[in-house]
Amino acid sequence: MSLLLLRETGLAAGELSQVPGVMTSRRRRSGELRITTLRYSIMHVQHIAYLHKQVIYNILKVLFEIYFPDLNAKGVILEVFEMFRLKSCVDFKPYEGESTYIRFQKANGCWSMVGDRQTGQNLSIGERCDHKAIVEHELLHAMGFYHEQSRTDRDDYVNIWWDEILPGQSHNFVKYNATFISDLNTPYDYESVMHYEPFSFNKNESAPTITAKIPAFNDIIGQRLDFSTVDLERLNRMYNCSKSTLSHCQCAFEFANICGMVQGTGDDADWVHKKSSLAGQEDHTLLGRCKDAGSFMYFNTSSGQADDMALLESRILYPKRTQQCLQFFYKISGSPSDKLVIWVRKDNGSGTVNTLVKVKTFQGDSDHNWKIAHVTLNVQEKFRYVFQGLRGSHSSSSGGIFIDDVTLTETPCPSAVWLIRNFTHILQTSVSGSVMRSPRFYSPEGYGYGITLYPHGTSNSYFPDYARISFHLCSGENDDVLQWPAENRRAIITVLDQHPDIRNRMSSSRSFTTDKNKNDTSMWDKPSVVGTFDPSCNCNRSLDWGWSNFISHKQLRQRNFLKNDDLIIFAEFKASIFSIITPAPNFRLMA
Ligand SMILES: [Ca+2]
Ligand SMILES: [Ca+2]
Ligand SMILES: [Ca+2]
Ligand SMILES: [Zn+2]
């Protein structure tokens, strides 16, 4: 992987004057998409009749208004449905004439009614509301949840500064008594996605309207990453969920039963369930930080014969969808000729799961650190996934193969993964304007693209305490047959929270849809024409478009964003599915 770390002077990213061949002194708007996580309008119609306690349906009927005008918001809404399916038993289906449903609109602001009104009810994802956590917040309202600061016991946890609240907005800070709402036996949660941030509906820019009684939590309240653990506990309690809609399984190997995995027989050796011990022998879940905890699976390649192998097989799994993603962390510390091979064991028609199909091979190299891996499985019947450790033929190994934090989901694997090591060091040694560019990735359609990361923002950034992360197109081998400009495609960038339990991950995710009317006209044209040559990818890179406040340095240090000091960024660039569907007049577009 080639990283370019250099200091740019003077220009904000995305300015036209960076483009070779375009002589312009006009300073156009920079590549700026400022998601207003700090201040966005939420309007709530409060209906006393609809209780926090009230369960609506586990399957919510949803209707996108005809010609819902925002392709990106639609994409975000569909992704949020998947988050609910992954993290709860709530599901969504298109509206088919039911008497009660949610009608998504692009109205003024981000807002929802609270609870089921037993009729078609509106939920607005307005301008700049097309953000994962904001859609989650509004949907939780529709499912019966009020704001966290509306809890009966909130005065034990926060101060409300009534004089600082904008006129007409004080209803957003109302507290309800226990006969009206229930806390579902969960504690007050500063981290809830339903909590306001200090500067919500404030009159004066410098005066907060709500502050935490423990000042340190002022940095936490108002997070808009994802559901908190307690948000999910409540959602799953209220909707009586015993498991999620989408099946998933995971294993951190912290318990002796190793999640029901079994040792292969007829092989040469076994995988060993090992506890973190010496330096270089730590697991990935806890990185050796907790005494007497932190385990992983290990195949020793330092002894034995060439081509010796050991199989570790999952319990039998029953897929609901036809595509799965196996994500895991691995480390090969032995010989570069050691291999980790992923297989699937399927039913060969006899009713037993015994036919092996090879899916992907990971080869050892000189990098003896933990790496993240993704393997797409396309299984439709009961199966096991299998880890095969294979000792190299000419190995002079003093180590082995490590596996930890395995997750299987029925959602697509990310199409691009950028792993940046030693990020704390990068933050310490870079300055405003320092820039790193990812390798070139290819989208499923064949577009080349990359991610630009400014650890301290551009040199003139309003947000020096934030990392700017943005998207750019790269010239590539398919450019002659692709459609240009590359419009109506969604770019999605996710900074991964590396929590071992996927349900507790609060990753930071943002997206936009390419639109030549919103950006500089040449932005999505062929990078070979409008881009600048970069030897690190041996390709042309176009101007980047993204977020100067993608993630704050404070936030990066919280949770598991910098686990093992690795920053992991996922990216997608895909056709917006809605742009393909051209509905006839009076045809209801549903999704
Ligand atoms: Ca572990
Ligand atoms: Ca064995
Ligand atoms: Ca053998
Ligand atoms: Zn709200």
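Predicted model, so just to flag it, every value in this text is computed and none were measured. Numbering of residues begins at 1 and proceeds along the displayed sequence. One-based numbering, in listed order, for ligands and for the atoms of each.
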Worksheet item: Short check: any N/O/S atom of A252 below 3.0 Å from the Ca ion (ligand 1)?
Response: yes

Worksheet entry | Heteroatom N/O/S of D404 within less than 3.0 Å of the Ca ion (ligand 1) | yes

Practice prompt. Indicate the ring-plane relationship of H147 and H137, choosing parallel, tilted or perpendicular according to the 30° and 60° boundaries.
Written response: tilted

Worksheet item: How are the rings of F201 and Y196 set to each other: parallel, tilted or perpendicular (split at 30° and 60°)?
Response: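 Answer is tilted, since the angle falls between 30° and 60°.
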
Worksheet item: Looking only at atom types and distance, does a side-chain atom of K331 sit under 3.5 Å from a main-chain N or O of G280, one as donor and one as acceptor?
Response: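 Checking the backbone N and O of G280 against the side chain of K331, a donor-acceptor pair under 3.5 Å is found.
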
Item to complete: For S112 and A142, work out which heavy atoms get closest and say how close.
Response: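 Scanning both residues, the minimum pair turns out to be OG-N, 3.4 Å.
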
Worksheet item: Looking at F180 versus Y146, is the centre-to-centre ring distance below 6.0 Å?
Response: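 Between F180 and Y146, the centre distance is under 6.0 Å.
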
Fill in: Closest approach to the Zn ion (ligand 4) by H147, given as the N, O or S atom name
NE2

Practice prompt. Identify, by name, the N, O or S atom of D283 lying closest to the Ca ion (ligand 1).
Written response: OD2

Worksheet entry | Which N, O or S atom of E254 lies nearest to the Ca ion (ligand 1), by name |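 Atom name of the closest N, O or S in E254: OE2.
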
Regarding [X], does it place an N, O or S atom less than 3.0 Å from the Ca ion (ligand 2)?
| X | value |
| --- | --- |
| D268 | no |
| G264 | yes |
| A269 | yes |

Item to complete: Could you tell me whether the SG atom of C110 lies less than 2.5 angstrom from the SG atom of C129?
Response: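 Cysteines C110 and C129 qualify as a disulfide pair, their SG atoms being under 2.5 Å apart.
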
Discussion item. Can you see whether F550 has R510 sitting over its ring - NZ or CZ less than 6.0 Å from the centre and within 45° of the normal?
Written reply: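 Yes, R510 sits over the ring of F550.
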
Worksheet item: Is the distance from the Zn ion (ligand 4) to the nearest N/O/S atom of C110 under 2.8 Å?
Response: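 Under 2.8 Å: C110 has no N, O or S contact with the Zn ion (ligand 4).
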
Worksheet item: By atom name, which N, O or S atom belonging to D270 lies closest to the Ca ion (ligand 2)?
Response: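 Output for this pair reads OD1.
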
